[in-house]
Protein chains: 2
Amino acid sequence: MKATIYDVAKEAGVSIATVSKVLNGKGKISVETREAILAIMDRLDYQPSVIASALTGKRTFTLGLLVPDISNPFFSEIARAIEDQGEQLGYSVMMCSTDNKDEKVERYIALLQQKKVDGIIIATGIDNKEILEQLLSKGIPVVLLARDMPLVAVNTVVVDDYVGGCLAASHLLELGHRRIGIIGEREKVRSSRERVRGFRQTMEEYGAAFVPEHLKHCDYKVEDGKIKALELLQADEPPTAIFACNDMLAVGTLQAARELGKKVPEDLSIVSFDNTILAAVTDPPLTTVAQPMEHMGKLVVNLIVEELQGTAPVKQRTVLRPELITRESTAAIVS
Amino acid sequence: MKATIYDVAKEAGVSIATVSKVLNGKGKISVETREAILAIMDRLDYQPSVIASALTGKRTFTLGLLVPDISNPFFSEIARAIEDQGEQLGYSVMMCSTDNKDEKVERYIALLQQKKVDGIIIATGIDNKEILEQLLSKGIPVVLLARDMPLVAVNTVVVDDYVGGCLAASHLLELGHRRIGIIGEREKVRSSRERVRGFRQTMEEYGAAFVPEHLKHCDYKVEDGKIKALELLQADEPPTAIFACNDMLAVGTLQAARELGKKVPEDLSIVSFDNTILAAVTDPPLTTVAQPMEHMGKLVVNLIVEELQGTAPVKQRTVLRPELITRESTAAIVS
DNA sequence: CTGAAAGCGCTAACAT
DNA sequence: ATGTTAGCGCTTTCAG
């Protein structure tokens with residue numbers, strides 16, 4: 001069997017309390033006994049049980065991560081960043097793909113609580129605000145990532161979607177585009193709404209007319225984007241540029257353009273959002289508004305760990321600035 | 001505070017043993033008390049502590065998943081499949097990205113043991129076989145996924161890489177290609193070696209000469225593939241087709257071709273392996289040897305859970321058949 | 001059918 | 001500087 005604290009204590013001829021103390025670097029222990037105990041620990045290949053320690057009220061050193069879908073590149077890239085920072089600080093992360101279904105969110109949250117995770121990172125949409133509030137009321141550290149609910153008092157890390165939208169728009173407008181299509185996620189997705197809002201706002205500032213028919217909403221997958229892009233491009237006066245609210249939708253747009261024999265960027269410019277691996281891999285590579293995913297992951301872990309150490313100050317909302325990455329899917333309009 | 005088993009016992013006027021029994025459906029409990037207890041449980045919103053239960057020797061209902069990099073689409077897609085099947089069976093999964101470094105593998109394995117996970121799914125390469133053997137000797141259920149070490153007695157789920165290589169080769173050969181380049185991962189990666197072996201074997205059968213200079217090895221990323229593809233394509237007699245051992249390398253190959261002004265598939269055919277989202281998203285979409293990722297994930301979870309229930313028979317090695325998906329990156333050679 | 005009690009491995013007062 | 005002891009929340013004999 002695995003060695004326990006008792007084995008170490010017996011072997012060292014001391015009490016378990018002493019062993020526990022050297023384990024946690026607490027209390028005063030003479031150098032000799034400490035050394036001796038340490039030696040025995042690794043001779044016995046002793047690994048303290050996180051479970052037992054957690055039962056006495058200590059941490060489990062485990063974080064829960066809720067995302068819509070871990071196989072979506074945006075979230076898997078974020079997950080990697082979170083995992084890395086977690087590992088630095090001694091935390092493991094449990095992944096939970098919710099498919100944006102409240103029902104799954106609830107199931108996972110309940111599960112995570114039973115497993116006594118130290119904190120939960122929520123990067124998935126939640127329709128019912130109460131789920132979140134109830135969770136918060138239990139005092140479990142929670143941080144929202146890439147999704148926010150301004151009315152709820154919770155730590156949040158987001159990118160400035162509005163500014164991102166503006167960035168995308170001014171790029172296109174500077175290139176001379178005026179008839180621009182927009183493909184966003186479903187209306188209820190706040191971040192998408194904000195991106196669109198920034199985009200439209202900027203269009204207005206440039207005096208570009210906003211045509212309601214040029215704004216489409218759909219789910220977040222490639223296929224959805226393709227369908228909407230086809231609609232846009234087959235209209236009477238098709239747009240000369242399209243802003244897709246994420247990389248997947250942009251890929252769909254690219255496919256639609258290809259299907260219609262339109263060249264990108266000659267016949268159609270495309271700007272997307274996120275800058276996942278997808279944006280770098282398409283042909284042409286996509287001009288996109290990049291989210292600093294690595295930084296976001298790091299930040300979110302730090303925040304949650306601070307919160308559970310009690311060193312956390314008041315709730316905060318960190319808004320990161322996105323950045324436009326110019327690649328080859330956009331070009332000046334020729335008229 | 002959260003309700004404990006004591007709270008519900010007191011509330012129901014019974015002992016905690018009774019509550020425990022209804023919780024686990026063990027022993028004989030009268031219908032009335034069971035009902036009463038159940039009612040109280042949910043009135044108190046009682047959630048049994050997995051931690052406490054684990055301490056008494058029960059399962060933690062948590063699985064560890066070791067992959068090289070969760071942000072690599074192949075692994076994130078597999079992870080999703082594993083997560084889903086795990087959820088079906090009541091298991092959570094902790095993700096661990098190892099970057100294929102033994103040192104990280106060891107750290108993560110130690111951590112997972114301290115957290116008393118019920119089983120570990122290993123989908124990452126391990127150089128030092130002893131790490132695996134040591135783990136197995138502790139009696140922790142382990143399953144290898146997409147990586148195998150035939151000499152070690154461990155449950156394994158893999159795709160038939162050799163056959164996959166054959167499939168890729170015959171497709172290209174049937175299209176008339178004879179000068180074919182191959183880009184594989186580093187030599188030590190078994191699955192890549194097997195794919196190449198199958199590929200070469202089939203070439204021989206078709207009487208296509210194998211040119212040593214046409215075989216390149218590198219890391220698994222897009223950029224690596226691009227570099228090797230450039231070398232291949234800039235040679236005196238460049239190949240008319242390239243087999244890339246995974247989708248990322250194929251993407252790199254696609255980029256190299258574009259950079260050199262070669263059209264795919266007119267000037268160069270490309271076949272890849274995996275069939276991740278990347279293969280569907282490039283232009284042209286890639287002909288690729290698909291791994292049944294969903295099925296693999298399901299299988300691997302079932303295997304490990306069977307093992308932990310003791311219902312597991314002898315160790316087994318499941319070899320799944322890959323399937324060629326023909327898309328637009330390959331075409332008959334015109335001479 | 002139900003309960004009392006002994007642990008699981010560890011932490012944290014409180015003594016010594 | 002080190003040891004004693006009482007839990008943490010649950011499972012599991014073993015009695016009743």
*Do B/Lys298 and B/Glu294 meet the salt-bridge criterion of a basic N to acidic O distance under 4.0 Å?*
no

*Does one side chain, of B/Gln316 or B/Asn155, offer a donor that lies under 3.5 Å from an acceptor on the other?*
no

*Answer yes if the side chains of B/Thr62 and B/Lys115 hold a donor-acceptor pair under 3.5 Å, and no otherwise.*
no

Between [atom2] on [N] and [atom1] on [X], what's the gap in Å once rounded to a whole number?
| X | N | atom1 | atom2 | result |
| --- | --- | --- | --- | --- |
| A/Gln113 | D/dG9 | CD | P | 15 Å |
| B/Arg59 | D/dT11 | CZ | P | 13 Å |
| A/Ile5 | D/dT4 | CD1 | C1' | 14 Å |
| B/Met41 | D/dG9 | CE | P | 15 Å |
| B/Ile37 | C/dG3 | CD1 | C1' | 12 Å |
| A/Leu55 | D/dA6 | CG | P | 17 Å |
| A/Asn24 | C/dA13 | CG | P | 12 Å |
| A/Phe61 | C/dT11 | CZ | P | 11 Å |

*Quick one: does B/Tyr6 reach the base of D/dC10 with a side-chain donor-acceptor pair under 3.5 Å?*
yes

Respond yes when some side-chain nitrogen or oxygen of [X] is under 4.0 Å from OP1 or OP2 of [N], and no when none is.
| X | N | answer |
| --- | --- | --- |
| A/Thr56 | C/dA12 | no |
| A/Ser20 | C/dT11 | yes |
| B/Lys58 | D/dT12 | yes |
| B/Thr18 | C/dC1 | no |

*Touch check for A/Ile16, heavy atoms < 4.0 angstrom, all strands: base, sugar-phosphate only, or nothing?*
base

*asked:* Does A/Val19 reach a base, just sugar-phosphate, or nothing at all? Heavy atoms under 4.0 Å.
replied: nothing

What's the closest nucleotide to the [X] side chain, out of [options]?
| X | options | result |
| --- | --- | --- |
| A/Thr4 | C/dC10, C/dG3, D/dT11 | C/dC10 |
| A/Ala17 | D/dT11, C/dC10, C/dA12 | C/dA12 |
| B/Lys28 | D/dT2, D/dT11, C/dC1 | C/dC1 |
| A/Ser30 | C/dG9, D/dC10, D/dT2 | D/dT2 |
| B/Thr33 | C/dG9, D/dC10, C/dT2 | C/dT2 |

*Check whether any side-chain N or O of B/Asp69 sits under 3.5 Å from a backbone N or O of B/Ser71 as a donor-acceptor pair, and report yes or no.*
yes

*Residue whose nearest DNA chain C nucleotide is more 5′ - A/Ile51 or B/Lys21*: B/Lys21

*Heavy atoms only: give me the nearest A/Gln113-B/Lys2 pair and the separation to one decimal.*
O-NZ, 4.4 Å

*asked:* With salt bridge (charged side-chain N to carboxylate O under 4.0 Å, His left out) as the test, pick out the partner of A/Asp148 among A/Arg317, A/Lys315, A/Lys129.
replied: A/Arg317

